[in-house]
Amino acid sequence: MAKSKYTLEPLLQHRGRKVDDAKTELGSAVRNRESAAAAKARAEQIRVEAEARATATRAAEAERLGRGELRAVDLVRAHGWEHAVQAEKVTLEHAVDEAEEHLDQARNKETHARVGLAQKMADRDVVVKDKDRFMSRVRRKVEAAEEEAAEEAWGGVHINAKGNSPVRG
């Protein structure tokens, strides 16, 4: 019997490559999301540290003011410093917001990549299942042909269930 060839093999290979590409894309999306999460955490940490430094400086200046160690010029400088601290706070909050936005975009891309991979795997699996059914049919045909050939070779003689007395078919 001639060997049967699965005609959709090129499609199966193409879909397999698409799955591999989607896996690569997902891996990249996961790394980008992890990087974005780390950047957001760093931005948040910088913001928290800046606020802690400002709070500590305010407390120290209030203590000096309470002891009468500050002059009018020191109070003017403190006022200017407070404006600078507020500007830095706004800048750092903006950096955290941008990092959060970047993280959200990275999460969306990762989700999109996961969905794309699942779809490509489903598309490939349709052809894999079809190939399995095809190969099963071919195997059954080959087995049937082999049984028929064996029957012809034995001249129609069958062995009974006990395996000891030939019976003509």
Side-chain angles (χ1 to χ4, degrees), residues 1-59 81-154 156 158-161 163 169:
M1 176 177 216
K3 180 156 171 77
S4 297
K5 184 175 178 187
Y6 184 60
T7 57
L8 297 179
E9 190 65 36
L11 177 63
L12 181 58
Q13 291 172 357
H14 173 71
R15 288 189 176 174
R17 285 189 300 274
K18 290 291 187 182
V19 167
D20 292 342
D21 293 346
K23 286 178 182 178
T24 300
E25 182 181 333
L26 176 58
S28 176
V30 167
R31 285 187 297 279
N32 287 340
R33 190 238 334 127
E34 290 171 346
S35 176
K40 181 188 179 278
R42 282 190 305 276
E44 184 65 29
Q45 182 64 32
I46 290 169
R47 185 189 63 77
V48 167
E49 289 171 357
E51 285 181 10
R53 281 191 310 273
T55 300
T57 301
R58 281 187 199 101
W81 174 84
E82 189 64 42
H83 281 293
V85 166
Q86 291 304 317
E88 180 185 24
K89 180 180 177 182
V90 168
T91 301
L92 294 175
E93 286 174 351
H94 181 68
V96 170
D97 291 344
E98 283 183 357
E100 179 69 34
E101 185 177 319
H102 185 66
L103 177 57
D104 288 343
Q105 291 172 355
R107 285 179 180 145
N108 289 339
K109 287 179 181 178
E110 180 183 0
T111 299
H112 180 71
R114 284 185 192 283
V115 169
L117 174 59
Q119 181 63 49
K120 285 173 180 57
M121 288 176 76
D123 290 346
R124 180 206 54 201
D125 290 349
V126 166
V127 181
V128 167
K129 288 176 184 175
D130 183 67
K131 181 179 181 181
D132 290 345
R133 287 189 299 270
F134 171 81
M135 296 306 287
S136 180
R137 284 191 306 268
V138 167
R139 201 171 15 262
R140 284 193 304 269
K141 284 180 183 178
V142 167
E143 288 171 359
E146 287 174 353
E147 285 178 16
E148 186 178 315
E151 217 174 272
E152 288 175 10
W154 282 92
H158 296 284
I159 306 296
N160 68 12

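For the single chain, residues carry numbers from 1 onward in sequence order.
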How close do [X] and [Y] get, counting heavy atoms only, and between which atoms?
{"X": "Glu51", "Y": "Glu93", "result": "OE2-OE2, 4.4 Å"}
{"X": "Arg33", "Y": "Leu103", "result": "O-CD1, 3.6 Å"}
{"X": "Lys120", "Y": "Val19", "result": "O-CG2, 3.5 Å"}
{"X": "Ala54", "Y": "Val85", "result": "CB-CG1, 3.7 Å"}
{"X": "Arg58", "Y": "Trp81", "result": "CG-CZ3, 3.8 Å"}
{"X": "Val127", "Y": "Arg15", "result": "CG2-NH1, 3.2 Å"}

Residues which pass side chain to side chain donor-acceptor pair (under 3.5 Å) with [X], listed by chain and number, not counting sequence neighbours:
{"X": "Asp123", "answer": "Gln119"}
{"X": "Lys131", "answer": "Glu9"}
{"X": "Gln45", "answer": "Glu49"}
{"X": "Glu25", "answer": "none"}

Working to the nearest 0.5 Å, report the span between [atom1] of [X] and [atom2] of [Y].
{"X": "Leu117", "Y": "Thr24", "atom1": "CG", "atom2": "OG1", "result": "10.0 Å"}
{"X": "His112", "Y": "Gln105", "atom1": "NE2", "atom2": "CD", "result": "14.0 Å"}
{"X": "Leu26", "Y": "Glu110", "atom1": "CG", "atom2": "CD", "result": "6.5 Å"}
{"X": "Gln86", "Y": "Thr91", "atom1": "CD", "atom2": "OG1", "result": "11.0 Å"}
{"X": "Gln13", "Y": "Leu11", "atom1": "CD", "atom2": "CG", "result": "10.0 Å"}
{"X": "Lys40", "Y": "Asp97", "atom1": "NZ", "atom2": "CG", "result": "9.0 Å"}

Is it the case that the side chains of Arg53 and Thr57 hold a donor-acceptor pair, with the cut-off being a distance below 3.5 Å and no angle test?
no
Glu98 side chain to His102 side chain, donor-acceptor N/O pair below 3.5 angstrom:
no
For Asp104, what residues pass the side-chain contact (heavy atoms from CB on, under 4.5 Å) criterion, not counting sequence neighbours?
Glu100, Arg107
Residues in side-chain contact (heavy atoms from CB on, under 4.5 Å) contact with Ser28, at least two apart in sequence or another chain:
Arg31, Asn32
Test salt bridge (Lys or Arg N to Asp or Glu O under 4.0 Å) on Asp132 and Lys129; report intermediate values, then the result.
CA-CA 5 Å; Asp132 290 345; Lys129 288 176 184 175; over 6 Å; no
Heavy-atom side-chain contact between Val138 and Tyr6 under 4.5 Å:
no
Do Asp130 and Arg133 sit within salt-bridge range, that is, some charged N less than 4.0 Å from a carboxylate O?
yes
Could you please spell out the steps behind the side-chain contact (heavy atoms from CB on, under 4.5 Å) verdict for Met121 and Val128?
CA-CA 10 Å; Met121 288 176 76; Val128 167; over 6 Å; no
Report the residue from Met135, Arg140, Arg139 that forms a side chain to side chain contact (heavy atoms under 4.5 Å, CB included) with Arg137.
Arg140
Stepwise side-chain contact (heavy atoms from CB on, under 4.5 Å) check, Arg17 with His14:
CA-CA 5 Å; Arg17 285 189 300 274; His14 173 71; 3.7 Å; yes
